[in-house]
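These notes concern the structure reproduced below.
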Amino acid sequence: MTTIKDIEPLRNEYIPENIFDRKTESEQLEQALEAAQNVHVHGPRGTGKTLIVKKQLENLGTNTCYISCQKQDTQYKVLRKAVNELTSKTVGSGHHTSELQRILKNQIDVVETTIVLDDLDFLLLNDGDDLLYFLSRLEADLGLILVTANAEDLSEQVEERTFSTLQPQRIGFEPYTGEEIYEVLADRARKSLKPKSLRREALTYIASSTQNLTLALTWLRTAAQTAENVITETLTKQIRQEACQAFIDEKLQTLSQHHRLLYQAIEELNDEQETIQTGTVYNRYKQLCQAYNKDSLSNRRISDFLKHLEQFNLISSDYHYGGKNGKTREITL
DNA sequence: CATCCACCGGAAATGTTGGGAC
DNA sequence: GTCCCAACATTTCCGGTGGATG
């Protein structure tokens, strides 16, 4: 016995035919693109940025290219991906960045193009704004959609001259309200679940518990997979932890094993003590590496990895220098 | 007020991988 | 193969940082 008719609409990657929420933002985006303006889309995680942007791409008359900077976190990788997607050429590694720049430029000169850089935070953090500078210098029909979850004001992260050339129009995404979450969940549930397999209160409970649509969907999906034949409020309450865990696992999956060990170290310490400092985290991480027979990375490197976890909202940290406290308090979210 | 703690984060150094030309 | 050259991941080095401590 199962409640699921078609799991697809409950997946995070699913792009529905019709999107009835985020109307204002969609229209803003559409207008900006029609006006050949660059756009900076900003908002917390799980507010539908990626979905809206992808949906807009479908309706665009130009050559388009979607790049997630979570994976493509250097100028070279982004260029390579763009070249591979936009042109007939395929390039591997071992080339000059300038060579890829030239290929891309030639392509864009000929065909009107729109490039999305999703999760641009990661690229900026890892590789600076060299790529943006290059893109801003192209005198061609290139539309840029820059998506960030953390960098609220791009002018602070990007060099003055680059920013002033790009002049991106900023479109802000606010967190979903409980009603909006409810609406979306209900819509997805209609498409994916068998009739009468879902209690209204279950949805209400999820919708009132989180503003993050990705988490809400993961939660509903977990519930659907667990339920015997009907998803009740009680069940959704019961599997809350499990759903959160699934949500976290999904995020960690895109990162390296060292990130996962690091996260595990923080989790363990979080159960044991109140405040956690970087040093103790690093020591625990090293122990875990030993237990799993893995070589550990240096603390300098781990410091960067902690930033990655922060970017994903997996941990939050208070930075304070000096005193007898070094730097961080990590709290699982 | 000087000193120290315990880490931050930039920059250079090192090691690894893959590409193209010969 | 071999040589040289990039990109990239990671390490090494080192100059801060500012409240706590004496």
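Numbered from 1 within each chain, the chains take letters A, B, ... in sequence-line order.
- Summarising the geometry, the separation between CG on Leu297(A) and P on dA9(C) is reported as 12 Å, rounded to the nearest angstrom.
- For Lys77(A), a side-chain nitrogen or oxygen approaches OP1 or OP2 of dA9(C) to under 4.0 Å.
- Note on Thr97(A): a side-chain N or O is less than 4.0 Å away from OP1 or OP2 of dA7(C).
- The residue among His95(A) and Gly279(A) whose nearest nucleotide of DNA chain B lies closer to the 5′ end is Gly279(A).
- For the pair Gln75(A) CD and dC8(C) P, the computed distance is 9 Å after rounding to whole Å.
- We find that CZ of Phe305(A) is positioned 15 Å from P of dC8(C), with the value rounded to whole Å.
- Side-chain proximity of His96(A) to the nucleotides dA9(C), dT12(C), dC5(C) is greatest for dC5(C).
- The residues Arg284(A) and Glu272(A) are annotated as salt-bridged, a charged nitrogen and a carboxylate oxygen being separated by less than 4.0 angstrom.
- The pair Arg301(A)-Asp304(A) meets the salt-bridge criterion, since a charged nitrogen lies less than 4.0 angstrom from a carboxylate oxygen.
- Put simply, CG on Leu255(A) is 13 Å from P on dA9(C), counting in whole angstrom units.
- The NE2 atom of His308(A) sits 12 Å away from the P atom of dG9(B) (whole-angstrom rounding).
- Not one side-chain nitrogen or oxygen of Ser298(A) sits closer than 4.0 Å to the OP1 or OP2 atom of dT10(C).
- Rounded to an integer number of Å, the gap from Leu306(A) CG to dG9(B) P is 10 Å.
- Leu79(A) places its CG atom 10 Å from the P atom of dA7(C), with the value rounded to the nearest Å.
- We find that Lys55(A) and Glu58(A) are joined by a salt bridge, their nearest charged nitrogen and carboxylate oxygen being less than 4.0 Å apart.
- In this structure, the CG atom of Asp304(A) is 16 Å from the P atom of dC7(B), given to the nearest Å.
- Phe305(A) has its ring centre no less than 6.0 Å from the ring centre of Tyr263(A).
- Mapping Thr280(A) and Arg300(A) onto DNA chain B via the closest heavy atom, the residue that lands nearer the 5' end is Thr280(A).
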